[in-house]
Amino acid sequence: MTSISTPPGLARFNTLEDHAARAALHEACASTEWARRLLAERPYATVEDLYAASDAAMAELTTADLEEAMAGHPPIGRPKPGDPTSSREQAGMAGASADLKAEMLELNLAYQEKFGHVFLICATGRTGEQMRDAVKERIGNSPEQERETVRTELGRINRIRLARLVEEDA
């Protein structure tokens, strides 16, 4: 039973049928294991409890789980057509110059060649130049360093997306 102090969006999430909650979580993160762990912890008393469960689940994802989660993210500078979430998150690239977009494409390809997956960064609030600088810096990481950086960035993205999920009106 939810208490009066549980925010309405969180209370709604807590009471969703499992299949609907799983679908909502999959929109936030493509990792099946992450979603399974969050579903298993319902109901949440506070949004902070939900974030803590997300962080704990993220910390325990295997390399395969992380790869599954990353597969749900389009390259920076190329949001999925018709996907308002990736377009909103990558807004910093929307107004970038043609030169910056071309440079990001080259950097994305070099990064993907080295690591075998898209460059993943919590793009919300970042400019195109900041994202370019981050990929330039991170391309020098070892695969192990980059896997942990990706885990951290995914955790940030998941928190933002969970906040949107539980703050939305019914």
Side-chain angles (χ1 to χ4, degrees), residues 13 19 21-41 50-166:
F13 173 72
H19 72 280
R22 186 176 292 107
L25 289 171
H26 191 264
E27 288 293 314
C29 180
S31 167
T32 304
E33 179 61 15
W34 176 84
R36 185 194 67 74
R37 288 173 183 256
L38 267 64
L39 283 173
E41 297 289 321
L50 176 62
Y51 293 159
S54 174
D55 293 347
M58 186 57 59
E60 295 184 21
L61 292 184
T62 65
T63 299
D65 295 330
L66 286 171
E67 288 172 2
E68 181 184 33
M70 286 184 284
H73 291 269
I76 296 293
R78 291 183 290 153
K80 295 177 197 164
D83 178 0
T85 300
S86 61
S87 295
R88 180 180 55 250
E89 290 171 349
Q90 294 190 26
M93 284 301 296
S97 68
D99 287 347
L100 179 56
K101 287 179 180 178
E103 185 179 9
M104 275 305 289
L105 177 59
E106 286 180 28
L107 289 166
N108 276 325
L109 293 172
Y111 178 97
Q112 194 159 352
E113 176 74 23
K114 178 173 181 179
F115 295 110
H117 57 79
V118 298
F119 171 68
L120 192 123
I121 189 167
C122 183
T124 300
R126 293 185 193 238
T127 65
E129 290 81 2
Q130 289 170 324
M131 289 183 265
R132 178 204 54 211
D133 294 348
V135 71
K136 282 182 170 182
E137 179 182 321
R138 287 174 44 194
I139 204 161
N141 285 349
S142 70
E144 297 76 21
Q145 288 171 311
E146 191 55 19
R147 186 170 37 257
E148 291 313 306
T149 300
V150 163
R151 184 184 308 272
T152 299
E153 293 296 319
L154 274 169
R156 290 180 181 143
I157 294 165
N158 290 355
R159 277 181 170 243
I160 291 167
R161 291 180 174 185
L162 286 171
R164 291 187 63 81
L165 172 67
V166 299

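Residue numbers run from 1 in the order of the sequence given.
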Applying salt bridge (charged side-chain N to carboxylate O under 4.0 Å, His left out), name anything that partners [X], two or more places apart in sequence or on another chain.
| X | result |
| --- | --- |
| Arg156 | Glu153 |
| Glu148 | Arg151 |
| Arg22 | none |
| Arg159 | Asp55 |

- Message: salt bridge (Lys or Arg N to Asp or Glu O under 4.0 Å) for Glu33 and Arg37? Distances and angles first, verdict last.
- Response: CA-CA 6 Å; Glu33 179 61 15; Arg37 288 173 183 256; 2.9 Å; yes
- Message: Are more than 12 heavy atoms, taken from residues, nucleotides or ligands other than Gln130, located less than 6.0 Å from that residue's CD atom?
- Response: yes
- Taking atom CD of Glu113 as the centre, report whether more than 12 heavy atoms of other residues, nucleotides or ligands fall under 6.0 Å from it. no
- Item | Carboxylate-amine/guanidinium contact Arg161 Glu27, below 4.0 Å | no
- Message: With a 4.0 Å cut-off on N to O distance, would you call Lys114 and Glu146 a salt bridge?
- Response: no
Kindly list each side-chain donor-acceptor pair under 3.5 angstrom involving residues 92-103, sequence neighbours excluded, with atom names and distances?
residue	atom	partner	partner atom	Å
Ser97	OG	Leu100	N	3.0
Lys101	NZ	Ala94	O	3.4
Glu103	OE2	Lys136	NZ	3.1

Kindly give the heavy-atom pair with the smallest separation between [X] and [Y], and that separation in Å.
| X | Y | value |
| --- | --- | --- |
| Pro74 | Gly72 | CD-O, 4.0 Å |
| Leu38 | Ala57 | CD1-CB, 3.9 Å |
| Asn108 | Ile76 | ND2-O, 2.8 Å |
| Cys122 | Ile160 | SG-CD1, 3.5 Å |
| Ile121 | Ile157 | O-CD1, 3.7 Å |

- Query: So do Met58 and Leu66 actually touch side chain to side chain, heavy atoms under 4.5 Å?
  - Reply: yes
Applying side chain to side chain contact (heavy atoms under 4.5 Å, CB included), name anything that partners [X], two or more places apart in sequence or on another chain.
| X | value |
| --- | --- |
| Gln145 | Asn141, Ser142 |
| Glu106 | none |
| Thr32 | Glu68 |
| Gln112 | Val118 |

Measure the [atom1]-[atom2] distance between [X] and [Y] for me, rounded to the nearest 0.5 Å.
| X | Y | atom1 | atom2 | result |
| --- | --- | --- | --- | --- |
| Leu61 | Cys29 | CG | SG | 7.0 Å |
| Met70 | Thr63 | CE | OG1 | 8.5 Å |
| Met104 | Leu109 | CE | CG | 10.5 Å |

- Task: Run the numbers on Leu165 and Leu162 for side chain to side chain contact (heavy atoms under 4.5 Å, CB included), then give the verdict.
- Result: CA-CA 5 Å; Leu165 172 67; Leu162 286 171; 4.2 Å; yes
- Task: Go through Val150 and Arg138 one step at a time and tell me if the side chain to side chain contact (heavy atoms under 4.5 Å, CB included) criterion holds.
- Result: CA-CA 10 Å; Val150 163; Arg138 287 174 44 194; 3.8 Å; yes
- side chain to side chain donor-acceptor pair (under 3.5 Å) involving Asp65 - partner list, sequence neighbours excluded: Thr62
- Please name all residues satisfying side chain to side chain donor-acceptor pair (under 3.5 Å) with Ser54, sequence neighbours left out, ordered by chain then number. Trp34
- Contacts of Phe115 that satisfy ring-ring contact (aromatic ring centres under 6.0 Å, His included) - sequence neighbours left out: Tyr111
